[in-house]
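Worksheet: the structure to be examined is printed underneath.
Because the structure is predicted, anything quoted here is derived from the model rather than measured.
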Amino acid sequence: NCCVPILLSNSKEQMALGFSKYISKCKAEFEISIQYKKISSETRDLIMKQAATGWDEEYIKVGVLTIPSQDITDSLTGTSDILKESLSESLNLSSLDKNGVHKLFLFHPVLTSDSHR
């Protein structure tokens with residue numbers, strides 16, 4: 001059990017700082033669940049353009065994401081120099097780009113590959 005409270009805030013900077021403090025002492029675990037809806041002519045717009053709309057389908061647990069406790073060296077972004085260096089090397093980024101590497105990862109249902117839809 002971890003004794004560090006998670007800081008909830010509307011500020012991205014405060015959330016990153018809270019995460020940095022938390023993850024430096026505790027592991028973080030997130031249950032990953034999905035809802036499955038078959039794409040058809042009736043559901044296509046709902047799935048592709050109204051993804052925030054609630055669905056009636058049950059959630060299916062597909063796993064748990066565990067982020068081990070680690071030292072965060074950039075509390076503004078919630079990342080570490082080791083992570084930035086590793087990603088920069090893997091993605092062949094210049095030394096100037098490594099400070100923005102956290103902005104390279106995003107998710108949106110419309111941007112997923114056809115095999116994941």
Side-chain angles (χ1 to χ4, degrees):
N1 292 342
C2 190
C3 61
V4 178
I6 296 177
L7 176 66
L8 298 177
S9 171
N10 289 332
S11 160
K12 290 179 185 177
E13 291 81 13
Q14 288 297 315
M15 289 292 289
L17 180 60
F19 176 77
S20 297
K21 287 180 179 178
Y22 183 87
I23 206 72
S24 70
K25 303 225 183 296
C26 314
K27 70 179 178 181
E29 291 186 330
F30 301 91
E31 184 175 295
I32 307 298
S33 298
I34 63 168
Q35 285 179 292
Y36 174 78
K37 182 180 281 289
K38 187 173 178 85
I39 294 181
S40 67
S41 58
E42 293 86 31
T43 63
R44 179 170 291 286
D45 279 347
L46 174 66
I47 294 169
M48 303 303 280
K49 297 180 182 174
Q50 302 170 5
T53 303
W55 299 354
D56 295 331
E57 285 74 13
E58 289 187 38
Y59 284 92
I60 303 164
K61 180 180 174 181
V62 294
V64 175
L65 171 64
T66 301
I67 302 172
S69 174
Q70 54 196 282
D71 291 326
I72 302 297
T73 52
D74 185 345
S75 60
L76 184 61
T77 62
T79 58
S80 69
D81 289 339
I82 294 170
L83 175 63
K84 287 181 189 179
E85 204 60 48
S86 177
L87 288 172
S88 295
E89 191 175 300
S90 296
L91 299 171
N92 296 318
L93 300 176
S94 72
S95 60
L96 294 175
D97 291 335
K98 78 176 182 181
N99 287 327
V101 72
H102 65 286
K103 294 183 179 186
L104 295 175
F105 300 92
L106 63 99
F107 171 79
H108 190 282
V110 173
L111 299 175
T112 59
S113 70
D114 287 339
S115 63
H116 293 155
R117 292 183 183 179

Nearest 0.5 angstrom please: [X] [atom1] to [Y] [atom2], how far?
X: Ile60; Y: Ile34; atom1: CD1; atom2: CD1; value: 5.0 Å
X: Cys26; Y: Lys21; atom1: SG; atom2: NZ; value: 13.0 Å
X: Asp56; Y: Lys37; atom1: CG; atom2: NZ; value: 6.5 Å

Less than 4.5 Å apart, side chain to side chain, heavy atoms only: is that true for [X] and [Y]?
X: Ile23; Y: Gln70; value: yes
X: Thr66; Y: Phe30; value: no
X: Lys84; Y: Asp74; value: yes

- request: Check the pair Thr73 / Asp81 against side chain to side chain donor-acceptor pair (under 3.5 Å), numbers first and verdict last.
  value: CA-CA 6 Å; Thr73 52; Asp81 289 339; 3.2 Å; yes
Under the side chain to side chain contact (heavy atoms under 4.5 Å, CB included) test, which residues partner [X], sequence neighbours left out?
X: Glu89; value: none
X: Ser20; value: Ile72, Ser75
X: Ile82; value: Ser80

At their closest point, which heavy atom of [X] faces which heavy atom of [Y], and how far apart are they?
X: Tyr36; Y: Glu57; result: O-CG, 3.1 Å
X: Gln35; Y: Trp55; result: NE2-O, 3.4 Å
X: Pro68; Y: Lys27; result: CA-CB, 4.1 Å

Glu58: partners by salt bridge (charged side-chain N to carboxylate O under 4.0 Å, His left out), with sequence neighbours left out: none
query: How would you list, by chain and number, every residue that makes a side chain to side chain donor-acceptor pair (under 3.5 Å) with Ser69, sequence neighbours excluded?
result: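 Testing Ser69 for side chain to side chain donor-acceptor pair (under 3.5 Å), a comparison that skips the adjacent residues, returns none.
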- request: Kindly write out the residues that satisfy side chain to side chain donor-acceptor pair (under 3.5 Å) with Ser40, not counting sequence neighbours, or none if the list is empty.
  value: Glu42, Thr43
- prompt: Hey, any chance Leu65 and Val62 share a hydrophobic cluster, counting ILVMFWY side chains that come within less than 4.5 Å of each other, even indirectly?
  reply: yes
